[in-house]
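So that the names make sense, note that chain A is the first sequence line, chain B the second, and so on, each numbered from 1.
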There are 2 protein chains.
Amino acid sequence: MEEGTSKSPSHCEVTGTGADGADADPFQWDTREDCEVRQILDRIADKWSLLVIALLDRRKLRFTELRREIDGVSQRMLTVTLRQLERDGLVKRTVHPVVPPRVDYELTPLGATLHTTIRSLVTWTERHQNEIAAARAAYDAREAAQTDGAADTAGAARSVEPATAPV
Amino acid sequence: MEEGTSKSPSHCEVTGTGADGADADPFQWDTREDCEVRQILDRIADKWSLLVIALLDRRKLRFTELRREIDGVSQRMLTVTLRQLERDGLVKRTVHPVVPPRVDYELTPLGATLHTTIRSLVTWTERHQNEIAAARAAYDAREAAQTDGAADTAGAARSVEPATAPV
DNA sequence: CGGAATCCGATATGATACTG
DNA sequence: CAGTATCATATCGGATTCCG
């Protein structure tokens, strides 16, 4: 990710609708790793990219402001991330040639359309964080149980069906 | 990511609506890196997790099938990813105790709700991959131009505003 | 077949120092 | 303030091997 994506991603077109991608079939998509969609996906689903886009909601933010809002990001990673997003046309960078340098970042129209989707991802997470926490606790409990006491008579730790026939 | 998330993430509640998260204010959310939301986000926004969830749309898939569909994933990463998703309660794993082992993976109801969101992310990418490709090309062109020939008289490579006053 | 465990290299990322 | 450059390394993740 560090270096520019100078590889040559095959532009694998979707086989479905003739238009401009946007297939309706949930199954019939690429998944080839050298595919452009995969590459883009890897980028926007990036830890920091996600946060940057989520935060740049209809407002400009300065470099330092972003850095302050995104707890834990290093100056370096924020820079790199912003460059990538700028390159992908998702974020617009504006430099004010003033004495103490000032740089603003904001979403481009394209970035704004993505923002909606990202936002829904964040919302989903907020909504279900409790369920996930519960699931984790349950999983860990089972895990510990079978590692520790182990070998209980009947109840298997994970879901197992009562064998029917081999493949 | 390798090890179980045995850290202690602060359960940082959203300040907004009293209910169960689902805040309406796009700004007032966590961003603290030790926050649970951030951790979950990092996981589901993971390169492989994303693909697994996207692929498991209303169907069971065996380990090998998944591996075949997700080009480029190693056995190890697929296993690790599936474990995490299972732990988070997003994927259900079913072991059939037959002679050649057979394991099926499918989304849980919770996972299904996430699938919708993930899917929209994939769709967005498919729809806009051309725009992004164009943006990249443009960016790289500018970049090369100013690195190479550089120093053109007027047109600056990046967006720069004509200075008004310092901060 | 599905997976666990180990080894081990690539690299993504943080910390630090320097610059305009 | 907003980077860039360099260095050190923690982590990710692939290849291999062994197992039920």
Measure the distance from CG on B:Asp71 to C1' on D:dG14 and round it to the nearest whole Å.
-> 14 Å
Return the nearest nucleotide to the side chain of B:Thr79; candidates are C:dC1, C:dG14, C:dG3.
-> C:dG3
Among C:dG14, D:dG20, D:dT4, the one nearest B:Pro101 by side-chain distance | D:dG20
Over how many whole Å does the gap from B:Asp104 atom CG to C:dC1 atom C1' extend?
-> 12 Å
How long is the line joining CH2 of A:Trp48 and C1' of C:dG14, in whole Å?
-> 10 Å
Between D:dA2, D:dG20, C:dG3, which nucleotide has the shortest distance from any of its atoms to the side chain of A:Arg62?
-> D:dA2
B:Leu82 CG - C:dG3 C1' separation (whole Å) = 11 Å
Protein-nucleotide distance (A:Ile70, atom CD1; D:dA2, atom P), rounded to Å | 14 Å
Check: D:dG14 base within 3.5 Å donor-acceptor of B:Gln75 side chain | no
Begin with the C-alpha distance, continue with both residues' side-chain angles, and end with the deciding distance and a verdict on side chain to side chain contact (heavy atoms under 4.5 Å, CB included) for B:Leu82 and B:Arg93.
-> CA-CA 9 Å; B:Leu82 286 170; B:Arg93 177 189 132 128; over 6 Å; no
Report the nucleotide, chosen from D:dC1, D:dG3, D:dT16, that has the shortest atom-to-atom distance to any side-chain atom of A:Tyr105.
-> D:dG3
Minimum-distance pair of heavy atoms, taken over all atoms of A:Ile70 and A:Leu55 = CG1-CD1, 3.3 Å
Could you tell me the separation between the CG atom of A:Leu78 and the C1' atom of C:dT13, rounded to a whole number of Å?
-> 13 Å
For B:Met77 and D:dG13, what is the distance between atoms CE and P respectively, to the nearest whole Å?
-> 4 Å
Minimum-distance nucleotide to A:Pro100 side chain [options: C:dG3, C:dT13, D:dC1] = D:dC1
Scanning both residues in full, the closest heavy-atom pair of A:Leu50 with A:Ile44 reads CD1-O, 3.4 Å
Of D:dG14, C:dG3, C:dT13, the nucleotide closest to the side chain of B:Ser74 is D:dG14
Mind calculating the distance between CZ (A:Arg83) and P (D:dA2) to the nearest angstrom?
-> 12 Å
